[in-house]
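Following: one structure in structure tokens, then a few remarks.
Whatever order the structure lists ligands and atoms in, that order sets their numbers, starting from 1.
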Amino acid sequence: QHNPHWWGNRNTIVHLFEWKWSDIAAECENFLGPKGFAGVQVSPVNENIISAGRPWWERYQPISYKLITRSGNEQEFADMVRRCNDVGVRIYVDVLLNHMSGDFDGIAVGTAGSEAEPSKKSYPGVPYSAQDFHPSCEITDWNDRFQVQQCELVGLKDLDQSSEWVRSKLIEFLDHLIELGVAGFRVDAAKHMAADDLSYIYSTISDLNTEHGFPHNARPFIFQEVIDHGHETVSREEYNQLGAVTEFRFSEEIGNAFRGNNALKWLQSWGTGWGFLASGQALTFVDNHDNQRDMGAVLNYKSPKQYKMATAFHLAYPYGISRVMSSFAFDDHDTAPPQDEQERIISPEFDEEGACVNGWICEHRWRQIYAMVGFKNAVRDTELSNWWDNGDSQISFCRGNKGFLAVNNNLYDLSQELQTCLPAGVYCDVISGSLVDGSCTGKSVIVEDSGFGYIHIGSEDFDGVLALHVDARV
Ligand code: QV4
């Protein structure tokens, strides 16, 4: 279940973290479809516990499988899926199969109004009771398989996926979403569930809904959250046959390189050469909603120049199933998404250039990022060739005769005749500008009959990357 069922030549997923369904529906029609995005990962859709201050992570604590959250209700969800599919943008749902909520004093009320008594493992909204869970214990040793898979991840009540009842409830939930037209699932905390149990669930759920444009017998796309830094007892290799797996080493190493801790010349062997999963099994990202909040090498929107360079490399290099992050502004781990005084999530607002203004970051609306989504579409199915580097952190390469990328992460200029592999002509650098009414608002590059062009990326330039492709020819 590795096929994301993309439409046409599209091939990039965006995670619209904490967005409302009605806003995503509009975004599919107004922006994602026109710009060539392939799909959206949406936040958890089923009822969750309500936590004080409404941190984003309350949505990782389910109370029932009713489709009512701060992002909207079932009707709004169904409307979103329909409208996005209609413009060729797929929906992938973040699903919590591992656990229910954590402890709570007394009776908790969820976002759909269901009551639960987490301390007794009682969730009548499903219903689940204590016998559907593993006995409580803490994970103290992350290399102990029993603890990782049968104890409680940060105290979240741990479902027993070997039980017939639990399996039937999970399958019913996933089938409901498939019926509504989704293309697949991000499986949260997959590492904390036995691969055999997941295999049973994945193989039992329905085919995708043909009324939403999927072919007959199409299996749901599965990508599993398994964090494997290498040498772990529960490894990514237990899951990659079942579906794609989040490749966290990609995120860590790309952050490391673009922060300047590793020369970019080493990226020539990026991908399996770095010990990553096979390209078709790896869900790749510069940052995700968890590690963008951690200190460390991972890049996020707060280091925009490096972040845009890393994203350009991510989307230009032929490796992985790409996902870009779209965040809201945060100070710390618990910052809630943009909300009003009644704690309702607010809709993103845009300035005249299309950038988000009211607490939403919307990296996917940054020109340097959506332009690379277009680049990745334009060069789809071409090989990488003509790698060039300066022995340090200036690099360039071609994608067939359709695209060319150059990056300068040194503290001096890149000024050089380079092989672009493109047919002779004038091309618009889609990073510094765009093609408007046939003329380029940024840097233009003249490509000679030989394929060479003069490339300049000053160390002080606003962006450290230059990208040309055949769909942006002046
Ligand atoms: C607290 C204590 C625990 C204690 C518990 C007792 O910290 O030690 O056992 O109380 O009740 C929130 C709080 C957390 C609290 C917990 C339970 O932050 O302090 O525990 O709730 O009340 C997200 C957030 C977590 C959040 C959780 C549930 O990141 O902070 O916990 O949602 O709301 C590993 C896993 C990987 C996981 C990653 C974070 O292998 O699977 O850790 N990633 C996924 C999601 C992530 C999500 C979860 C899993 C859980 O990507 O966003 O956690 O669904 O690497």
Side-chain angles (χ1 to χ4, degrees), residues 15 17-18 41-63 69-70 92-106 108 110-111 116-121 123 133-145 147-159 161 170 185-195 198 223-230 232-236 238-239 245-249 251-252 283 285 287-296 298 300 323 325 327-328 330 332-337:
H15 180 193
F17 183 45
E18 286 282 28
Q41 177 188 323
V42 302
S43 282
V45 293
N46 58 306
E47 177 171 23
N48 61 265
I49 204 167
I50 295 174
S51 301
R54 312 307 301 267
W56 61 272
W57 47 253
E58 68 171 36
R59 296 183 68 171
Y60 290 84
Q61 302 201 25
I63 291 287
T69 62
R70 285 213 292 169
Y92 308 98
V93 176
D94 194 351
V95 291
L96 309 158
L97 312 180
N98 178 59
H99 55 260
M100 297 298 279
S101 73
D103 257 338
F104 187 89
D105 273 340
T111 50
E117 226 176 326
S119 58
K120 296 194 173 139
K121 301 184 180 175
Y123 299 89
F133 295 82
H134 291 129
S136 292
C137 48
E138 232 183 284
I139 305 177
T140 52
D141 178 358
W142 285 75
N143 273 313
D144 179 325
R145 175 180 302 275
Q147 288 188 22
V148 170
Q149 299 194 324
Q150 305 212 18
C151 292
E152 295 173 348
L153 170 62
V154 294
L156 301 164
K157 304 302 176 195
D158 200 64
L159 287 165
Q161 292 82 10
L170 296 177
F185 306 104
R186 168 198 184 260
V187 178
D188 183 75
K191 183 181 192 172
H192 301 275
M193 295 177 272
L198 289 178
F223 60 104
Q224 307 164 94
E225 191 220 10
V226 176
I227 304 179
D228 180 350
H229 306 283
E232 308 213 10
T233 304
V234 183
S235 72
R236 60 186 189 178
E238 297 177 28
Y239 299 88
V245 169
T246 51
E247 184 50 277
F248 277 79
R249 293 180 213 175
S251 170
E252 290 149 8
L283 194 289
F285 48 95
D287 60 331
N288 82 345
H289 71 279
D290 288 323
N291 70 13
Q292 70 170 186
R293 287 172 164 68
D294 302 338
M295 305 298 263
V298 172
N300 65 19
R323 176 182 66 194
M325 181 69 204
S327 318
F328 58 83
F330 62 86
D332 58 38
H333 182 75
D334 299 337
T335 305

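By the criterion of a heavy-atom distance under 4.0 Å, neither the backbone nor the side chain of E152 is placed next to ligand 1. By the criterion of a heavy-atom distance under 4.0 Å, the side chain of W142, and not its backbone, is placed next to ligand 1. Contacts between K157 and ligand 1, counted as non-hydrogen atom pairs separated by less than 4.0 Å, are absent for every part of the residue.
Within the structure, the closest approach of Q224 to ligand 1 does not fall below 4.0 Å when heavy atoms are considered. Under a 4.0 Å heavy-atom criterion, H192 is in contact with ligand 1.
Less than 4.0 angstrom separates some heavy atom of I227 from each of these atoms of ligand 1: 55 (O). Distances below 4.0 Å separate heavy atoms of H99 from the following atoms of ligand 1: 50 (C), 54 (O). Remark: ligand 1 atoms within the under-4.0 Å shell around heavy atoms of D290 are 29 (O), 39 (C), 43 (N), 44 (C), 45 (C), 46 (C), 51 (O), 52 (O). When each atom of ligand 1 is checked for a heavy atom of A189 under 4.0 Å away, the hits are 41 (O). The distance from ligand 1 to the heavy atoms of G155 drops below 4.0 Å at these ligand atoms: 9 (O).
Evaluated by nearest non-hydrogen atom to atom 29 (O) of ligand 1, the leading choice among W57, W56, Y60 is W56. In this structure, of V154, V226, D188, the residue bringing a heavy atom nearest to atom 5 (C) of ligand 1 is V154.
Under the 4.0 Å distance rule, the nearest protein heavy atom to atom 7 (O) of ligand 1 falls outside the cut-off. For atom 54 (O) of ligand 1, the protein comes within 4.0 Å by at least one heavy atom. Protein heavy atoms all stay at least 4.0 Å away from atom 19 (O) of ligand 1. At a distance under 4.0 Å, no protein heavy atom can be found next to atom 2 (C) of ligand 1. Within a 4.0 Å radius of atom 36 (C) of ligand 1, the protein has at least one heavy atom.
In this model, a donor atom of one side chain and an acceptor atom of the other lie less than 3.5 Å apart for N48 and E58. In this structure, a donor-acceptor pair under 3.5 Å is absent between the side chains of E225 and T246.
Looking only at heavy atoms of the protein, atom 22 (O) of ligand 1 is closest to Q61 NE2, 3.5 Å. Closest protein heavy atom to atom 43 (N) of ligand 1: E225 OE2, 2.8 Å. Remark: minimum distance from atom 42 (O) of ligand 1 to any protein heavy atom is reached at L153 CD1, 4.2 Å.
With respect to the salt-bridge test (charged N to carboxylate O, under 4.0 angstrom), the residues R293 and D332 do not qualify.
Checked against salt bridge (Lys or Arg N to Asp or Glu O under 4.0 Å), E47 has no partners two or more places apart in sequence or in another chain. Scored by the salt bridge (Lys or Arg N to Asp or Glu O under 4.0 Å) test, E232 finds K191 as partners (sequence neighbours excluded).
The shortest N or O to N or O distance between E58 and ligand 1 is not under 3.5 Å. Not one N or O of K191 is nearer than 3.5 Å to an N or O of ligand 1, by distance alone. At least one N or O atom of H333 sits closer than 3.5 Å to an N or O atom of ligand 1. Residue H289 places at least one N or O, backbone or side chain, under 3.5 Å from an N or O of ligand 1.
Closest approach of D188 and N98 over heavy atoms only: O-CB, 4.5 Å.
Using cut-offs of 30° and 60° on the angle between ring planes, the pair F17 and F328 is parallel. Taking the six-membered ring where the residue is Trp, H289 and W56 present perpendicular rings, their angle passing 60° and hence far from 30°. By the 30° and 60° cut-offs, the orientation of the rings of F285 relative to F248 is perpendicular.
No donor-acceptor pair under 3.5 Å is formed between the side chain of Q292 and the backbone N or O of N300.
Counting heavy-atom neighbours within 6.0 Å of N143 CG, excluding the residue itself, gives a total above 12. The environment of E117 atom CD is dense: over 12 non-hydrogen atoms of other residues, nucleotides or ligands sit within 6.0 angstrom.
With Q147 as the fixed residue, the side-chain hydrogen bond (donor to acceptor under 3.5 Å, both in side chains) test singles out one of T233, D141, T140: T140.
The closest side-chain heavy-atom distance from N288 to S251 is not below 4.5 Å.
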